[in-house]
Each structure stands twice: as C-alpha cells, then as structure tokens.
Amino acid sequence: MGRTVHHYFIFETAGGFCGIAWNDNGITRFHLPTKDAGATERMLLRRLPDAESGTPTPEVLEAVAAAKRYFEGEEIDFSGFKLDLAGQEAFFRQVYAAARRVCWGQTTTYGALAKQLGAGPEAARDVGQAMAKNPIPLIIPCHRVLAAGGKIGGFSAPGGASAKTRMLELEGVHVGAPPAVQQSFGF
C-alpha cells in the first residue's frame, strides 16, 4: 500500500498568507492567515512534514478562491468542499460535520453542538477539544463555535481569540462586551 502524498499551496488573502494542503481524497489542512508566507509554510509543514509544494487541483483552486473572497468580506459557503479527515477520531469527525452546518453570520456553542450530537453537557469540553485540534479551520468553521454565554472562547489559530473575533466581525457577528449604554446603569 503506497503512502498518501500531501501537497500544499501558500497564497495571499486580504487577511494575510494562508496555506492549504490536500491529497487525492480531499483537503487535509488549512492554515489561517499570518503576515508572512514563510511563517505560514513553516507552520503548515510542522503538521505535514512530508508534504510537497504543488499545483492545486481544480477543487483546491476553488477553495483558494473562496478563501480569498471570504477574507474580502464576501459571504462564502465552504460546506461543499471535500475533506479528508482520516486519522481523526470518530467523535471529532462528528463534531466537524456538525460545525460545517453552522452558516455564515451564525454562531453556536460548544454545549449546543454536544447536545446536537446526542451527548450531554459534559461533552462540551470534548467539543472544545475537537475545535482546538481542527485541522481545517475556516472550511470547518470553528470560529463560529463559542463558549457558554456567547463568550468568544479559545482559538488556537494565529492571533488567538482576536483572530476569531475578526473573522466573526467579517461575518457581521459582534461578540464580547455589551454596548456601553447597557453598562452605564449602576445597579
């Protein structure tokens, strides 16, 4: 049985340099923007050390174009792109499938995703772990999954929680502190 060959491509968006990796079965990795193409490439290769720089397939080119439009503020639906999540545990694959159904401008919580999967509230932590290990952020929109109470929660991508907030704001979702007017009542 031959080894699976991964290819990757680094590209620039309005948000910075992104990276995408794929094999014959689908997209395997996505790297959210950094300010430097070399840094993006190094971070992507840390996860896929044997990947080879390559010419994107037509579907990967379509995903690249969609990512570029996304970071320009265009509403994009990434749910149709074929992914290869081989090697991910079954529960994580279920979480990723559920997260892919959260559309542009919408959010959910770790607990709501756990409940949707038939797991109890204690599984919210497991959903959070799945999001933290998401190999294909943006295409699997982990930025749309928030902590309880609509709090931003963690984000393991470059820029951390502020990157998550920027992506949500790009989609018209505002999270964080309530407006100052609501804070001014001294009860």
Side-chain angles (χ1 to χ4, degrees), residues 4 6 13 15 18-33 43-44 47-48 59-60 62-71 73-176:
T4 302
H6 284 89
T13 71
C18 293
I20 191 167
W22 68 94
N23 62 26
D24 290 342
N25 300 318
I27 297 167
T28 58
R29 291 256 167 210
F30 190 87
H31 199 284
L32 290 171
M43 287 187 255
L44 195 121
R47 303 282 188 188
L48 292 170
E59 184 181 36
V60 171
E62 195 179 319
V64 166
K68 287 181 178 188
R69 291 193 319 271
Y70 174 87
F71 286 108
E74 187 178 323
E75 182 175 341
I76 300 293
D77 176 5
F78 290 98
S79 65
F81 289 103
K82 188 174 177 210
L83 308 181
D84 180 2
L85 293 169
Q88 298 289 328
E89 56 184 85
F91 180 73
F92 280 21
R93 286 196 307 271
Q94 290 176 334
V95 170
Y96 298 148
R100 288 188 86 187
R101 292 191 288 272
V102 181
C103 299
W104 168 281
Q106 298 178 343
T107 60
T108 189
T109 63
Y110 303 119
L113 270 187
K115 186 176 180 182
Q116 186 181 330
L117 295 171
E122 69 284 349
R125 198 172 298 251
D126 298 331
V127 169
Q129 285 297 313
M131 293 295 101
K133 293 178 180 176
N134 177 6
I136 314 171
L138 181 61
I139 297 172
I140 299 173
C142 54
H143 64 283
R144 297 178 185 148
V145 185
L146 306 176
K151 292 186 175 66
I152 197 75
F155 200 53
S156 57
S162 62
K164 183 174 184 173
T165 301
R166 279 194 304 278
M167 290 172 74
L168 288 169
E169 287 175 349
L170 196 62
E171 297 183 21
V173 175
H174 299 285
V175 293

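Residue numbers start at 1 and run along the sequence shown. These numbers come from the heavy atoms of this one structure, side chains and all, not from hydrogens, waters or symmetry mates. Here the structure is a predicted model, which means the values were calculated and not measured.
Pairing each heavy atom of Cys18 with each of Thr13, the nearest pair is SG-CG2, 3.8 Å. Nearest heavy atoms, Ala114 versus Ala124: CB-N, 3.8 Å. In this structure, Ala99 and Pro141 approach most closely via the heavy-atom pair O-CG, 3.3 Å. Here the closest non-hydrogen pair linking Ala66 and Ile76 is O-CG1, 3.6 Å. The two residues Leu170 and Trp104 come nearest to each other via the heavy atoms O-CZ2, 3.5 Å.
The CG atom of Asn134 lies 8.0 Å from the CD atom of Gln88; values are rounded to the nearest 0.5 Å. For the atom pair CD1 of Ile20 and CD1 of Ile139, the computed distance is 4.5 Å after rounding to the nearest 0.5 Å. Note that CG of Leu146 is 8.0 Å distant from OG1 of Thr108, once rounded to the nearest 0.5 Å. Here the CZ-CG distance, from Phe30 to Leu138, works out to 5.0 Å after rounding to the nearest 0.5 Å. To the nearest 0.5 Å, atom CD1 of residue Ile136 and atom CD1 of residue Ile27 are 7.0 Å apart.
Taking 4.5 Å as the limit, some side-chain heavy atom of Phe71 sits within range of a side-chain heavy atom of Leu32. With contacts defined as side-chain heavy-atom distances shorter than 4.5 Å, the pair Val95/Gln129 does not qualify. Side-chain contact between Phe92 and Asp126 is absent, with no heavy atoms from C-beta onward closer than 4.5 Å. Annotation: side chain of Tyr70 is not in contact with side chain of Glu75 (no heavy-atom distance under 4.5 Å). At a threshold of 4.5 Å between non-hydrogen side-chain atoms, the residues Gln106 and Val173 do not count as touching. At a threshold of 4.5 Å between non-hydrogen side-chain atoms, the residues Leu85 and Pro135 count as touching.
Pairs of residues two or more places apart, or lying in two chains, never qualify as ring-ring contact (aromatic ring centres under 6.0 Å, His included) while including a residue from residues 119-147.
At most 12 heavy atoms of other shown residues, nucleotides or ligands fall within 6.0 angstrom of atom CZ in Arg47.
Taking Arg69 as the reference, Glu74 meet the salt bridge (Lys or Arg N to Asp or Glu O under 4.0 Å) condition, with sequence neighbours excluded. Residues satisfying the salt bridge (Lys or Arg N to Asp or Glu O under 4.0 Å) test with Arg144, not counting sequence neighbours, are Glu171. Under the rule for a side-chain hydrogen bond (donor to acceptor under 3.5 Å, both in side chains), the partners of Ser79 that lie at least two apart in sequence or sit in another chain are Asp77. Residues passing the side chain to side chain contact (heavy atoms under 4.5 Å, CB included) test with Glu59, sequence neighbours excluded: Thr57, Phe81, Lys82. Partners of Asn23 according to the side-chain hydrogen bond (donor to acceptor under 3.5 Å, both in side chains) rule, which considers only residues two or more places apart in sequence or in another chain, are Asp84.
At least one donor-acceptor pair closer than 3.5 Å links the side chain of Lys164 to the backbone N or O of Val145.
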Q: Show your working on side-chain contact (heavy atoms from CB on, under 4.5 Å) between Arg29 and His6 and close with a plain yes or no.
A: CA-CA 10 Å; Arg29 291 256 167 210; His6 284 89; over 6 Å; no
Q: Run the numbers on Ile140 and Phe78 for side-chain contact (heavy atoms from CB on, under 4.5 Å), then give the verdict.
A: CA-CA 8 Å; Ile140 299 173; Phe78 290 98; over 6 Å; no
